[in-house]
Amino acid sequence: MERDIPTYSLLLLIVFVMIPFTIAYIYQLGLKKEIIWSTIRGTLQLFLIGLILTYLFDLPPLVGIPIMLSVMILVATFHARKKGKELPYIFITILVGLIGVEIIVLSMWLGFGMISFTPEEVIPMSGMVIGNSMVAMGLALERLKSEFEQNRGKLLAALSLGATPKHAAHMSIKKTLNAALIPNIDQLKTIGLVQLPGMMTGLILGGVAPIIAIKYQLVISISIFSSVSLSAIFISMVMYRFFFNKQMQLLNLQDIKKNG
């Protein structure tokens with residue numbers, strides 16, 4: 001028998017929302033509207049996706065799964081591109097990266113029999129991979145822009161001494177990848193000790209044996225770690241090239257935007 005949460009209990013969650021809202025009001029953080037809007041938007045989105053998934057789960061897998069994955073990837077691409085809107089071909093680069101990561105991960109899952117090709121398994125797990133890959137790309141883009149801006153003097157010095165753009169940008173790319181990967185590395189280190197991850201918790205609450213829940217959580221955790229790594233590396237290695245022109249001269253974001 002499935003356990004349900006009473007509707008009135010959900011309404012009482014407003015108490016938890018009021019805590020950060022009150023803090024934002026007291027300290028004048030300027031986040032009051034953001035807190036309220038994000039709470040309302042998130043709630044509506046979750047109920048909407050619940051209705052959509054109910055419909056998609058009734059469709060044949062070869063129809064429902066591609067539709068939902070396409071929507072997820074497109075939305076993730078539009079969101080992540082905001083972090084690098086000054087860079088050329090940013091939309092298509094992120095789109096190709098997310099599609100590539102999803103194909104690789106999904107192929108591994110299905111090829112090794114970790115999951116079955118059903119909407120109930122593919123869509124939720126793919127959503128976690130796509131979402132984390134989107135965040136990793138966004139972090140990498142922000143850090144990459146910051147590194148090239150802050151270390152402009154060092155980059156110019158390296159180029160003047162005969163370094164190629166690849167060698168001159170090596171340290172900036174290294175720091176970018178560290179910033180993008182460290183959160184997932186720390187999360188993987190403490191998994192099961194500091195927190196019980198979402199998938200494992202959900203499966204246990206749904207009545208699945210803890211050992212089986214752990215197996216599924218291990219699959220998704222390692223998959224997310226790999227997809228985040230691939231996403232950050234891909235976007236960094238493609239986008240750093242646009243900070244240099246054909247004459248191997250360093251460009252700033254304004255120049256890149258004009259040329260793009």
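This one's a predicted model, so the numbers in the text were calculated from it and none came from an experiment.
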request  = Output yes when a side-chain donor or acceptor of E86 lies under 3.5 Å from a complementary backbone atom of L253, and no otherwise.
outcome  = no
The residue among Q150, R143, E142 that forms side chain to side chain donor-acceptor pair (under 3.5 Å) with S146 is Q150
- Query: Does the side chain of E147 pick up a donor-acceptor pair with the side chain of T176 at under 3.5 Å?
  - Reply: no
Between G50 and T54, the two heavy atoms sitting closest are O-OG1, 2.7 Å
In this structure, OG1 of T164 is separated from NE2 of H167 (nearest 0.5 Å) by 5.0 Å
- Message: Looking at K154, is its backbone amide N or carbonyl O close enough to the side chain of N151 to form a donor-acceptor pair, meaning the two atoms are under 3.5 Å apart?
- Response: no
- Message: Counting only heavy atoms not in M108 (residues, nucleotides, ligands), do more than 12 fall under 6.0 Å from its CE?
- Response: no
ask   = Going by heavy atoms in the side chains, are T39 and L13 under 4.5 Å from each other?
value = no
- prompt: Quick one: does F21's side chain get under 4.5 Å of L31's, heavy atoms only?
  reply: no
- Query: Does some side-chain heavy atom of I123 sit less than 4.5 Å from a side-chain heavy atom of M72?
  - Reply: yes
Check whether any side-chain N or O of S221 sits under 3.5 Å from a backbone N or O of L218 as a donor-acceptor pair, and report yes or no. no
| said: Could you check whether any side-chain heavy atom of F243 comes within less than 4.5 Å of a side-chain heavy atom of L251, counting everything from C-beta outward? | reply: no
Check your understanding: Are any non-hydrogen side-chain atoms of M137 and F234 less than 4.5 angstrom apart?
Key -> yes
In short, I204 meets A213 closest at the heavy-atom pair CG1-CB, 3.9 Å
| message | Quick check on K32: does its NZ atom have over 12 non-hydrogen neighbours (other residues, nucleotides or ligands) under 6.0 Å away? | response | yes
Checklist entry - Is any side-chain heavy atom of N252 closer than 4.5 Å to a side-chain heavy atom of E149? => result no
Flag yes if F242 and M171 sit in one hydrophobic cluster, no otherwise; membership is Ile, Leu, Val, Met, Phe, Trp, Tyr, and two members link when side-chain heavy atoms are under 4.5 Å apart. no
Notebook entry, point to check: Any side-chain heavy atom of L181 sitting closer than 4.5 Å to one from S229?
Noted result: yes
When clusters are formed by joining ILVMFWY residues with side-chain heavy atoms under 4.5 Å apart, either directly or through shared neighbours, do I23 and V17 land in the same one?
-> yes
When H170, M248, Q249 are each screened for side chain to side chain contact (heavy atoms under 4.5 Å, CB included) with P165, the one that passes is M248
In short, Y216 meets M114 closest at the heavy-atom pair CE2-O, 4.3 Å
Y55-L48 co-clustered via ILVMFWY side chain contacts under 4.5 Å: yes
For residues 93-102, please give each side-chain donor-acceptor pair under 3.5 Å, one per line with the distance, not counting sequence neighbours.
{"unit_1": "T93", "atom_1": "OG1", "unit_2": "Y89", "atom_2": "O", "d": "2.6"}
{"unit_1": "E102", "atom_1": "OE2", "unit_2": "S126", "atom_2": "OG", "d": "2.7"}

Heavy-atom closest pair (A136 atom, A180 atom, distance to 0.1 Å) is O-CB, 4.1 Å
Out of curiosity, does I130 fall in the hydrophobic cluster containing L141 (side-chain heavy atoms, cut-off under 4.5 Å, transitive links)? yes
### Query
Y240 and F148: aromatic ring centres closer than 6.0 Å?
no
Backbone of K83 reached by a side-chain donor or acceptor of K145 within 3.5 Å = yes
Examine I103 and F112 and state if one hydrophobic cluster contains both, with Ile, Leu, Val, Met, Phe, Trp and Tyr joined whenever side-chain heavy atoms are less than 4.5 Å apart.
-> yes
Residues passing the side-chain hydrogen bond (donor to acceptor under 3.5 Å, both in side chains) test with S38, sequence neighbours excluded, are none
d(I65 CD1, L56 CG) to nearest 0.5 Å is 9.5 Å
With heavy-atom distances below 4.5 Å as the criterion, would you say the side chains of L155 and S172 are in contact?
yes
Interatomic distance, CZ@F225 vs CG@N132, rounded to 0.5 Å, equals 12.0 Å
